[in-house]
Amino acid sequence: MSVGFRRVLATIVLSSFALIGTGGAASAAGVGGVEVTPGSGSSFKVSVSSNGTATEHFTVRNIGSQPATVRLYAAAADKSDGGSWSIGAAGSSPWIDFPDRQVTLAGGESAALSFTAVGQEKPRDAAIVIEQGNGTVVQRAATLIYVSKAPMIPISTPVLIAVALIAVLGLAVPLISRRGAPAPPGRGDEDDDFRLADAEPTPRHDQALV
Amino acid sequence: MSSHRSRGVVAALAAGGLLAAAAPALAEPGISGSPSSAVVTTSIGQASSRQLALLDLAGAPLVNLALRPGVPAPFRVQVTDTGVNQLTEATSGFTVNSTLNNLYLGGNSSAAFIPSGDVTVSFPASGAQNAVGSLVALPRTVLSGDLPACDDLLSTITELAGLSLLSGAGLQLCNAVGGLGGTGLTVPEIELLTSTEQTLSSLTDVPFTLGGQESGPYTLADYVNGIGAQSGGAAGTPRKLLTGAPNISAGLQTQLDALATAVQNQAAVVSPDGSGAQLALGDVIGTLLTTAGMEALGNALAGLTPAQASAVLNQLDAVVEPLGLGDITSVAGLYNSFPVLTANPTTDPAQGEYSGTLTVTLVQP
């Protein structure tokens, strides 16, 4: 595969990811004056292949004028038949790599954070949760993470055969070139270095090697 | 133009119009000088914000809710919106739901408890919710009409006096409307954003339908959060406390219609300095330059003075479209729900104080 072709393929792949990432204006949800703002839209939309990972960046900001401390974690999000969302507890979404943490922000301060979605055979939704507990009352704001399975690039049999042939040729051509080239003057000693110790006859240079 | 208008695109087109206005002058023979430049700007609004707060009836943060058997204990669920937009998206709505632990003696989850099912949530028959808010809207208008034939145009519009039919800007305008002896030019309906955002305060109704108050017992205890949390515990019965779905009520539509009428009643379609006009001159010229069949008119107008171009465009009609959810660019709102918790123990619990955690979650879809 030529360098030029690789560059073209990389461009196509990166362009696809860029298209997936396109979204509207960002919208934040929070409690206690602290909120989570996705890169765009009001939720996260992550597409990840079953054996891959995908990282999403977001901002946590304190929109108040006083310091605020909140708990931040990822949790499972399940939608009932009636359309209600049930948000789990911290640690209920192992497919979202985002350690449970306390975040303290000064008034007006923002922090850039990220989480990584780990691919699953059956994708499950989740949420980034901001929690602030007061006594026996806990208030939370959950920003949903919609997880979908990234399609695998289909590779047809003819393409597989073509790729295999290219790989074989890629290995064989340098070998043929090297064996076929006449030995330059004064290089006989170097050739002798590659002879077997039992002095087996060396191949004639006019014999093709396959 | 789609409801998800990009003011960035409009700003770029407006700048294109201004730059195009400069270009013909520079192209005139005999004019020289250093290249001019224009600053193209577009502004991206701050991210919208939605905050959940649990308050007591005095408005202070809710810390504990003391339940005495049979005695209703009200509190307030408040959602505050700032700069919320894109109301045509279903995801601009919200849901607030709640779950409850069993109420454990002394707050000890290993101790005796009052089942969460003995606690019900209800809402007042009247006054279950209220809301106040304001909004900003950017109306759309449709520009269309007929421009008279060349000689009529130049002879009836006083601002065009002095232009020649045979050369320069006058000839360019003449050709754009069909040339000498032509029948004029019909401008097809072109939708544009009006030039000034309109603010509507003291809304009759906010652009959300509030509801979702779900009365009933917390049948299944929550073992996911709070005092009663257990590893691998199941979530409790959710009870919705408030929902908001984007919608324009009849009362709000009346207010929006009045706003559209006020914009419609502005004196002019365009004006040289933008005052008292529905549309910005640069926006109109920029749009004409990129509308099939209207490019020549756009070019011709760009070669006139602002007063001349405005006088020509004011021959056309501009009709403000009825305002809808897609025209609302920002909402500030305060939405309140007033749940009431009542505990009626069905067992005969021992004397003491029982505690459980009420978890209230705002879900932003």
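So you know, we letter chains A, B, ... as the sequences are listed, proteins then strands, and number each from 1. Hydrogens, waters and symmetry mates are skipped; everything else that's a heavy atom, side chains included, is used.
Heavy-atom pairs under 4.5 Å with chain A were tallied for B:D81, B:L62, B:V79; the largest tally goes to B:L62. For the set A:V129, A:L144, A:I87, A:D125, the count of heavy-atom pairs under 4.5 angstrom toward chain B peaks at A:L144. Counting heavy-atom pairs closer than 4.5 Å to chain A, the top residue among B:T357, B:V363, B:N64, B:T361 is B:T361. Contact count versus chain B (heavy atoms, under 4.5 Å) is highest, among A:V34, A:T59, A:D78, A:I130, for A:V34. Interface remark: of the candidates B:S355, B:G356, B:G226, B:G356 forms the most heavy-atom pairs closer than 4.5 Å to chain A.
A donor atom on one side chain and an acceptor atom on the other are not found under 3.5 Å apart for A:Q132 and A:R71.
With a threshold of 4.5 angstrom between heavy atoms, B:T91 approaches chain A through its backbone and through its side chain. Both the backbone and the side chain of B:P365 come within contact range of chain A, judged by heavy atoms closer than 4.5 Å. Heavy atoms closer than 4.5 Å to chain A are found in both the backbone and the side chain of B:L54. With a threshold of 4.5 angstrom between heavy atoms, B:N97 approaches chain A through side-chain atoms but not through N, CA, C or O.
Using a 4.5 Å heavy-atom threshold, the side chains of A:V46 and A:I145 count as touching.
Residue B:I248 comes nearest to B:G324 through the heavy atom pair CD1-C, 3.6 Å, listed as atom of the first residue, atom of the second, then distance. Closest non-hydrogen pair, A:A142 versus A:A127, comes out as CB-CB, 4.0 Å.
Between A:F115 and A:F58, the two ring planes are tilted [angle within 30° to 60°].
For the side-chain contact (heavy atoms from CB on, under 4.5 Å) test with B:L341, the passing option among B:T120, B:L67, B:V71 is B:L67; the others fail.
For B:F94, the ring-ring contact (aromatic ring centres under 6.0 Å, His included) partners are B:Y335, not counting sequence neighbours.
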